[in-house]
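Just so it is clear: chains get the letters A, B, ... in the order the sequence lines come, proteins before strands, and each one is counted from 1.
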Amino acid sequence: MGSVRLENVTKRYSDVTAVDDMNITIEDGEFVSFVGPSGCGKSTTLEMIGGLTTQSEGSVYIDGTDVTDLPPKDRNLAMVFQNIALFPHMDVFDNMSYGLRIRGAEDEAIERRVDEAVETLKLEGMLDRMPSELSGGQRQRVAIGRAIVRDPEVFLMDEPLANLDAKLRVHMRTELQRIQRKLGVTAIYVTHDQEEAMTMSDRVAIINDGELQQIAPPLTCYEEPTNVFVAGFIGSPSMNFLEGTVADGRFESEIVSLDAPGVDASTDVTLGIRPEDIYPVDDHRAPATVGTVRADVDVIEPIGEKMFVYLRPAAADSPVEERGRTERDSLLMSVSPETELAEDEVIEVTFDQSSIHLFDAASGNALVHGLEREPTPTT
Amino acid sequence: MGSVRLENVTKRYSDVTAVDDMNITIEDGEFVSFVGPSGCGKSTTLEMIGGLTTQSEGSVYIDGTDVTDLPPKDRNLAMVFQNIALFPHMDVFDNMSYGLRIRGAEDEAIERRVDEAVETLKLEGMLDRMPSELSGGQRQRVAIGRAIVRDPEVFLMDEPLANLDAKLRVHMRTELQRIQRKLGVTAIYVTHDQEEAMTMSDRVAIINDGELQQIAPPLTCYEEPTNVFVAGFIGSPSMNFLEGTVADGRFESEIVSLDAPGVDASTDVTLGIRPEDIYPVDDHRAPATVGTVRADVDVIEPIGEKMFVYLRPAAADSPVEERGRTERDSLLMSVSPETELAEDEVIEVTFDQSSIHLFDAASGNALVHGLEREPTPTT
Amino acid sequence: MSDATSDTESVIDRTAHRAIRDPDTVYRWLTYAGIGFFLTVSLFPFYWLVVLALTPNRAIADMGVVPKGFNPGAFLEVFEVVPFHLYMLNSVIIASLSTIIVLTVGSIAGYVFGRYDFPGRTPLLLGILVISYFPPVAFLIPLFRLFTGQVTLIGLESPELYNTPWGIVMPLSAITMPLIIFLLTTFYRQIPDGLEDAARIEGSTRIGALRRVIVPLSAPGVATAGILSFIIVYNEFFFSYLMVNGTVEGWSPVLHGIFAFQGSQQVAYNLMAAASIIGVIPMALLVMIAQERIVSGLTQGALKE
Amino acid sequence: YGGGSDDALQLTATNEWRNNSDEITQALYDAGLSEDIELELISGGQTTDEMQNQYSQWLSSRQEKPDLLAFDSGWTLPFIVRGQLQNLEGELPSDVLDTVHEDYFEQSVNTTTDSDGELYGVPLYPDFPTIQYRKDLVEDAGYDWEQYRTDPLSWEQFSHELQDVYEQADVAYGYNWQAASEIQLACCVFNEFVTSWGGAYFGNPEEYLYGPIGDRPVTIDEEPVLQSLRMARTFIHGTDAPDTLDEFAGGITSEEAFQWGLSPSMQPFTDGDAVALRNWPYSININGADDALGEDMGVMPMPYGVPEGEGEYPGTGGSIGALGGWNYCVNPNTDRLDDALAFLETLTSPEFQRANFELVGHIPPNPDILKDATDVSIMGRYLEPLSFAGDHTMARPATAVWSQQSDPVAQEANAALMGDTGVEDAMSELASRLTDLEESFES
Amino acid sequence: MSTDDRSATITGDRSRYRLDLAVLDRIERLSDTQFVYVMLLPVFALLGTMAIWPLLYTANISLHADNIVATNPVGEFVGLGNYVDILTGQANLQRPFFSLETPFTSAVPVTLLFTVGAVAVETVFGLAMALILNKEFRGRRWARVAMILPWAVPIVIQGMVFYLMFQPSIGFAVGPLNELGLISTTPLATSRDGLLIAILADVWKQSAFMALLILAGLQSIDRSLYDVADVAGASKLQQFRTITFPLVLPALLVALLFRTIGALKVYGLIEATSGCNTVPTLSCLVIGLWNGNRYGSAAAVAFIIAAVIGVLLLGYLAQLRRHERGEM
Ligand SMILES: Nc1ncnc2c1ncn2[C@@H]1O[C@H](COP(=O)(O)OP(=O)(O)OP(=O)(O)O)[C@@H](O)[C@H]1O
Ligand SMILES: Nc1ncnc2c1ncn2[C@@H]1O[C@H](COP(=O)(O)OP(=O)(O)OP(=O)(O)O)[C@@H](O)[C@H]1O
Ligand SMILES: [Mg+2]
Ligand SMILES: [Mg+2]
């Protein structure tokens, strides 16, 4: 009943192309997250699905029908707006029940559904407050409430949890998922929080500059990003990238060289490795690794359950001190907080072989994810 | 020059006490984050420091002076508002340069500082857009820009990064810290994102229900929470709690019993253990552990670099199946994604001895953090 | 003596000092001064009306600022000489009808002009504005013929609206319309898009969103527009004068009632003044009620970006 | 909805009538109007201008109601010319027609007949000003103006005696009249000055008063006119100012007269604060009332500039009061013609005229009836001067173009009086403006 | 809102929903442009019959000669003759249309002086009043009523009040003001003073109109913007300049626009105080001609007034457009 399809959808503002030739098919009942950098076109895409903005080109299908000419009210969607957009002249109850009242629901049904939502959203006792008397997070929850009291075919949610604290967020995540499952509605969810995208979604759509980069289940995006952008965008802290070349099954860069069997490209490539896939060479927990980088420990940042280590790699041929520190040529390693390290110590680290990604440097597209385990032994 | 002190500050709205007898001293140049559940009074506290809301009781001191009667403009603060509040009739440049222009800065200086901020905020090319032509995240960045172009004594930031994606967030964090250090200003930062609070702050203030719970350096809050609330609030996913009693140096609960030497209470207590401090008994990476819980694997949630395992512990005396699943009596364990587990498998887990927290069940206050290593060997 | 001087000096000094240190005090005093000034200016002529009303007509000469004589009976005489209350009732009905029409039609137009950009928007808006350029008499001849059934449109004789409220209501609605449309256009323009979007997603039609969200949110504008059109119609001279025959039964408005005290040679100034004071009462009530709406329409800080 | 009950005869009425509608209606019935004819009195408008507009709307849109219209004698004629009124010849019984044509004040009847002398309306009452004065003050100063009740004195004598009285008395104002730039000045006050000095707006009034437009002389810049203005200026500015006459006494009229209409000029007199006042009969009723001046007020005809018969044109010179008044005309679209005619017939009855005089002070249009009305309170005291004044009136030149001409007349006369422009300049300017208007509306 | 109200709204709404379902649905499916034009239908219907058709009719009359003697006051077709006559000064008007020699007694200068004088003062007063009324103080409700009330006074009365005040034998105002040398002893008979009094009377009444419109504009400004400005260090004056003023400007411009138009058309007030002979505004000419049954000339002057207003407002509109564009 609620599949959503975008076909060649483009949205141009006078001088900006906010959404560029977007093609996405979302199955009925699926939960899809949109992620991407600020300003990449997530909200715009949502608005086009909702019928609030008319696409410049292309068509939107809901449940197989072209809805381009259908007004929002007939698309049977519920939406949580990024800017919250509570009706300032209505109290919380009226805000939440607006859609139901418009559709002429029975008083009793309205009361019941609002009560349910209030419980879910932990908004007890606020029903007769005006929006101006709420805290930021409370407003956002009311905005969510306005959407979930209804029984639409599609949920569109634009950063619905941006103002909530971790605990409430986790709670709301489960609740939203529960509601979505219970109602069996399709959900499109915009978030800047990857953890949210990862834990909640059936699939994640990564958008950049108005273009869809990848749409795939969360782990696939994490483990097999289609291109450098996705690889760098998904995962926090971000993947480390090393520029280099591949020739004769061997990857060579300024700071590391390693065997890359089975990679038949012989051009410039970018090697990607996530912080948690880098290990000190002596870490007994490390899996099969490859390559060695000698590096200077720059900054150590303990954040509770793990510890970030910023490394300044020494090029094979230049002393550590001489090299400037830029993003590209520093390495971030994530280790367990027990690891014993000191700032300015010089250590050697190595990469988890199965977690190395190689990308075509020119196009940015992925070449391989995980190097094959070859007879060549690791250092 | 920019210390901030709240003395017995209370704010009451007609029917709500938003802030309740708050006492905080923030040193000059310090970076303090306010965290706490939605609606706990963070924004209200900030507004009182800024002079936008008058406290019902108590005094606010900035730089040692009582500023209760001082209007905001004379407090020399910059503030990022949670509701963003851009001037709708000014373009981005005018919005950002507002404070400088008001204070009669030179055109040239204005240009320079705005340019700097634009670069920091990655807002290139948007200077002449109107707020209505920006995406949510872009608006938020402009709001930050409006604050950072100035050179105040105190920065007040209310969820300034709520709408930004992970990468930009990380970038902005570093930038905000850099700016704060460079200018040497005091910063008070409201966030719902613990990682942000943890990585950025010199100290974190945890607020609940208008009351200050703890103010301490991040790791202290994480490792030595003063009470159950802080313990549960800090850390994501949240700490597991088990209700039990301590008697004769032994902790007893429905699902586990373990030695707790050196704990001299003999009352009802709550045991707290973080998900990452629970290990399968056979994990070779585990540190010194204590106690064993037999549990059913309920749900496995892989999220990239780690994996959450929801466990349904079997009480020592009842079969797993019979027990309902509530928050309190389920356990969440966080393990590395390589751990081999299957849903519905029954496993045994054990707790990292040094990471067990005990709280007084009645008051919620912490009793001990980490059990002493006693001759009693672990299982 | 010199002591006193230095005293005053220091008082002035201190005041000046305080003023510089605490400009808020200055603003407050400025505000009070302003309130005083404007209240005096606004109310003095009303006081003068009271003075006139209380002075017996015969004694209205060389008037100072106090009544010459005390004749509160004028306020009753007003109703004895003519059925002034009925004229007022006519006026209120006519003004209410016009206000309803103007607000309904004008809201829709203001909404459309304020929130949509469409081909022809500017020319149309200008076209509507041009209507207000013309003195009322420019409309009078054709409208009079129309309302007296002398114009046939597509074979149908126009309805006789002369001596009915519609004879005044219709033209005045049209003439008030440009102002109201312009006013509401600016107000509707200021309402954030997001709210309308939210309402439409929730299932409102565009009209529904207009009625339930946009109109209430532009409450200050709409209330102002309402007051304006009501007062304009209530006070209008030309059509109110010429589209009815002056009888109470012929829906003549209060204007005719006031004129009843103005003979061709002798003017009952006292009764006119009394009638004016009485005639303004509905306005005062309206302003009071409507300005409440202005204030309550928006709880503070309501409009969020 | 609509204009009240359909079966009533609807007529516009003056305020005086509408304020006393029951009595007037009863008087009409008493005078023979069938009681089957129900009367509905409505307002035609408050100022005479407004009534004029209202009527032209009604009549040009062929409204059936009102059945009868009260017309200002000053602008009945244009409606007759445009054919918008019911011709009464052959409609009214001939004895009624005869009475009107023969017995009524002639000038009044002239305002409601066309160029062929056919009657289009029945005069309701004529209106002509007189001088009201403080008899007590005049006597205290040693004069007797009672003797001029039917034998007016000259402006010159009047000015000297009044100045004397004014100086001796403790009053703020001397002689009050209306010099504001309004129709009042054009139709009446200035007209009176001019005519009493033997001048005229358009040459011989007997010939040219009502046309032919464009085919008559404009004589407003002739010497008598200039003299009359100089005299009026002397009244206000005194003899030392330019364009004044030395043989007159000056400074007897306040400069305030420049913005005086009827009411403001009368107020001080009513309050006993002025020696004399030029005003219409309605004010006699007010000022002669016991709570005002009562018996202390005297009334005499307007003074003259040149003696009667010595004017430049026939009918000019001597004591002259401008003629105003109201006529009742029939809406030609009425479906109640017979009832309307019955009403008009009743208007001509002596009983009704007397009643009307008594009730609201409307002067009987039939001089005979006026003369017999001595028993009427207040007004009854002043019948002699009123009758005399009624016989010495000058109508305004109420042609179709008059409404265009009255503004320039008022403006230029006012300017000349105030001294903005010299008397001669003002009048030659006026003459050229009037000529232009005459020419552009030549019939 | 009580629960009762709430349920009433719902049921009411539901029945209406069904009734108008078809129409609303049709409307909802229109494209934006179509929708807009459908929505404008009622306005066009009303303005079409009540304003545009009459104007065309009158425009036609303006092309015909005056005819003051016939039953039909509209004479033969003369094309633009009436306009030419009026603009070249050949028409016989009550006062010259445009003459710089006698600025106080010729229509265009008098009207412009009145407009500029009155509107300028009204704008300043209106803004000040609105700012004051937007503040919180005890008795604000009553102050508002009091300040807005003058606008509710019928013009006849407004005229009467000022007429009587400046009538030396009646009111008190002339003596003192004359001694100060501000006005002559007979101000209502003097064109310059009459104009001044008319401006004064207009300011008294119409400042409230300005205030009301501006006040409504002030009320809809988002309060949190002031918080931002407060923190940014803006003084009250700066806040006014950078936030309040630009944000009420649209409302203020609308008020200014309509006051300007209103002032350019002033008639009743003049008639009720000094009279059209003393202060001959443009509308006085129209009414004078109309009263004289000179329909053709009256209509022509009316259209010339409209043209004058149009020309004067071009500048204003350019300003408005600039502002709007800035806002988009
Ligand atoms: N004007 C008001 N009237 C009544 N209650 C208010 C008002 N403003 C805030 N509150 C209440 O005060 C409490 C604290 O609000 P505050 O905005 O400080 O919360 P917060 O900590 O910033 O929350 P969040 O993270 O959701 O923004 C909330 O419960 C809120 O509902
Ligand atoms: N009305 C408009 N006029 C011009 N450009 C616009 C307009 N609305 C949006 N844009 C631009 O279109 C792009 C996409 O905007 P959109 O709101 O979809 O971003 P987003 O992905 O939701 O970003 P965020 O995460 O910051 O909310 C942005 O660069 C924005 O600046
Ligand atoms: Mg967005
Ligand atoms: Mg907050």
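Of the inter-residue distances, the one linking E:S224 atom OG with B:Q82 atom CD reads 12.0 Å to the nearest 0.5 angstrom. Atom CG of E:D222 sits about 7.0 Å away from atom CG of B:N83, to the nearest 0.5 Å. Between atom CZ of residue B:R75 and atom CG of residue E:D230 there is a gap of 10.0 Å, rounded to the nearest 0.5 Å.
With a threshold of 4.5 angstrom between heavy atoms, B:R150 approaches chain E through side-chain atoms but not through N, CA, C or O.
Between E:P246 and B:H89, the shortest heavy-atom contact is CB-CD2, 3.3 Å. Summarising the geometry of B:L86 relative to E:L225, their closest heavy-atom pair is O-CD2, 3.4 Å, with the distance given to 0.1 Å. The minimum heavy-atom distance between E:L247 and B:P88, with the atom names listed, is CD2-CG, 4.3 Å.
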**Report entry** side-chain contact (heavy atoms from CB on, under 4.5 Å) between E:T242 and B:F87, intermediate numbers included
**Finding:** CA-CA 9 Å; E:T242 54; B:F87 300 121; over 6 Å; no

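For B:D107, the CG atom is loosely surrounded, since the number of other residues' heavy atoms within 6.0 Å does not exceed 12. For B:E116, the CD atom is densely surrounded, since the number of other residues' heavy atoms within 6.0 Å is greater than 12. Around CD of B:E124, the count of heavy atoms belonging to other residues, nucleotides or ligands within 6.0 Å exceeds 12.
Of residues 95-105 of chain B, those residues lying under 4.5 Å from chain E by any heavy-atom pair are B:Y98, B:G99, B:I102, B:R103.
Qualifying salt bridge (charged side-chain N to carboxylate O under 4.0 Å, His left out) partners for E:D202, counting only residues two or more places apart in sequence or in other chains: E:R259.
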